[in-house]
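Report on one structure; see the data block that follows.
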Number of protein chains: 2
Amino acid sequence: MARPTPPAGDASGPAPHPLFPLPAGRTLDICTELHTAILEHRLAPGMKLSEDEVGEIYGASRTVVRAALQALAHSGLVTIEKNRGAFVAKPTIREAHEVFQARALIEPPVARMAAQAMTESHLAGLKAHLDAEHAALHAGDMGRALALSGTFHTAIAEIADQQVLTAMVRSLISRSSLIIALYWKRADTACESHSHHALMKAFQARDGKAAEEVQKSHIVDLHSGLNLRAQEEAPTSLATALKR
Amino acid sequence: MARPTPPAGDASGPAPHPLFPLPAGRTLDICTELHTAILEHRLAPGMKLSEDEVGEIYGASRTVVRAALQALAHSGLVTIEKNRGAFVAKPTIREAHEVFQARALIEPPVARMAAQAMTESHLAGLKAHLDAEHAALHAGDMGRALALSGTFHTAIAEIADQQVLTAMVRSLISRSSLIIALYWKRADTACESHSHHALMKAFQARDGKAAEEVQKSHIVDLHSGLNLRAQEEAPTSLATALKR
DNA sequence: CAATTTAAGATCGTATACAATTTTTGAGCA
DNA sequence: TGCTCAAAAATTGTATACGATCTTAAATTG
């Protein structure tokens with residue numbers, strides 16, 4: 001079984017959020033575990049997610065694993081090929097563009113709404129979020145820091161108190177994490193912190209217009225930080241191993 | 001078994017589209033059948049969708065029916081309550097507002113993109129779509145006409161050639177169908193045709209700005225055509241039966 | 001007679017079993 | 001050695017079975 005294996009049972013750590021609205025029972029747990037594992041880049045794009053393997057790791061039957069994988073497939077984090085199984089999704093360059101275009105369309109108005117709905121309690125929550133991100137970065141836990149920088153955007157949508165848009169943002173954020181894993185070209189991951197602090201200032205001032213503009217330029221900046229030139233296609237397993 | 005039952009096996013008619021990206025095998029068929037049935041208002045909001053019952057109707061096992069119901073739950077057309085089963089979703093007033101706010105945010109820019117990408121072939125397709133809608137309306141098939149007026153919006157997103165946004169629009173359109181079933185207050189359903197023809201004119205002129213504005217006002221108009229006052233809560237089974 | 005309790009029935013959540021398909025392995029041959 | 005083809009192994013798709021939970025109905029009791 002010399003094959004890329006899912007993470008060991010150490011997948012602990014508090015889940016960022018209850019996730020999507022559908023599954024019942026233990027399906028949700030597995031869904032959450034896989035979700036956070038993907039967001040923290042512990043599961044690389046393209047990895048096979050065997051039903052038996054995942055089930056054995058989490059002590060669950062294939063039935064519930066299947067439901068979890070189908071849920072993740074629906075949110076774009078997993079690709080299911082008929083009779084071949086589930087894989088961690090590998091967004092194409094085109095999809096990467098589309099995801100960030102959609103984010104540039106949706107998130108700035110959401111930030112404006114959030115600024116208008118912002119309370120002191122909300123501000124404290126966001127502040128704690130940034131602190132946690134900073135702490136993770138300082139502790140060298142890159143994956144966790146990246147996941148937190150993503151959920152910061154989700155938190156904004158939740159403050160805007162728009163459940164429908166929040167679900168969309170959450171999905172786009174998750175897919176962005178995969179896209180960054182594949183196409184990020186800058187070495188500096190801390191550049192995001194800067195924009196997030198700028199957003200905080202706009203929120204503290206309850207300046208919706210400023211929040212909208214900062215968010216817009218932040219997302220455009222993220223988009224431009226990707227290397228989305230057409231490149232070699234899918235030498236995932238063999239060439240990668242033989243590269244050195 | 002005196003209970004609201006799903007439609008009989010006559011659920012034929014060409015599906016509007018391949019639907020969502022996830023399920024495999026016969027799951028997709030059942031998903032599509034239920035989806036179109038909901039869009040055509042043959043399945044009323046709140047109806048119970050028993051796994052056994054649906055499975056018997058379509059000649060499938062509970063396994064695949066479950067997968068289909070979970071997929072529909074993820075797209076917001078079905079609500080699953082733990083240990084109680086699946087029901088056709090019954091959007092709240094708040095959700096209705098949010099869905100149309102999201103549509104007002106997303107669809108106008110999509111219409112602008114579509115106008116820019118519009119070819120003669122695309123125009124012919126939209127024209128055929130409107131004709132089919134008109135024919136269904138003339139034939140008295142209200143449900144089908146309504147479903148077609150919804151897929152007209154989806155078709156626009158597809159022409160814009162944005163798969164990520166198209167998936168979002170498709171989901172919003174589907175949920176709008178449920179919302180209209182619950183909250184529509186006007187008697188005139190043909191009012192939409194007017195806006196759709198205005199859109200066609202903008203598309204023919206390749207006038208992106210006009211398309212965006214027409215679409216915006218169209219969606220605001222739809223939103224205002226809903227009766228979203230707080231009203232009596234859920235007297236679905238008893239009071240409804242005793243009303244006359 | 002109405003309200004409460006209890007038991008029967010129905011439905012869902014999960015595990016397991018079998019069939020269908022794909023992938024891998026290895027033998028045979030040019 | 002390299003290629004083709006066939007058989008075995010592994011994996012998924014679907015059906016069925018059983019335990020848990022909820023719903024419904026009956027029976028009991030004040």
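The structure presented is a predicted model; accordingly, all values stated were derived computationally and were not measured. So you know, we letter chains A, B, ... as the sequences are listed, proteins then strands, and number each from 1.
Spacing between atom CD1 of I30(A) and atom C1' of dG13(C) amounts to 13 Å, rounded to whole angstrom units. Atoms CG (D52(A)) and C1' (dA17(C)) sit 13 Å apart, rounded to a whole Å.
The side chain of S50(A) sits closest to dT12(D) out of dG13(D), dT12(D), dT14(C). Listed nucleotides: dG13(D), dA15(D), dA15(C). Nearest to the side chain of S61(A): dA15(C).
Annotation: side-chain contact (heavy atoms from CB on, under 4.5 Å) contacts of A86(A) (sequence neighbours excluded): L49(A), L69(A), V78(A), I80(A).
Between F152(A) and H129(A), the two ring planes are perpendicular [angle over 60°; tilted spans 30° to 60°].
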Pairing pattern in dot-bracket form [Watson-Crick, G-U; both distances under 3.5 Å; | = partner strand] for DNA chain D: ||||||||||||||||||||||||||||||

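Side-chain contact between W184(B) and L222(B) is present, with at least one heavy-atom pair separated by less than 4.5 Å.
Between K48(A) and the phosphate of dT12(D), there is a side-chain N or O to OP1/OP2 separation shorter than 4.0 Å. Considering only side-chain N and O atoms, T63(A) lies nowhere under 4.0 angstrom from the phosphate OP1 or OP2 of dT14(C).
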Trace of the side chain to side chain contact (heavy atoms under 4.5 Å, CB included) decision for E53(A) with K48(A): CA-CA 10 Å; E53(A) 219 163 348; K48(A) 178 95 202 278; 5.9 Å; no

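With no hydrogens or angles considered, no side-chain donor-acceptor pair links Q70(A) and Q70(B) at under 3.5 Å.
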Could you pull out the protein-nucleic contacts involving nucleotides 18-22 of chain D (nitrogen or oxygen on both sides, under 3.5 Å)?
from    : atom 1 : to     : atom 2 : distance (Å)
dT21(D) : O3'    : N83(B) : ND2    : 3.4

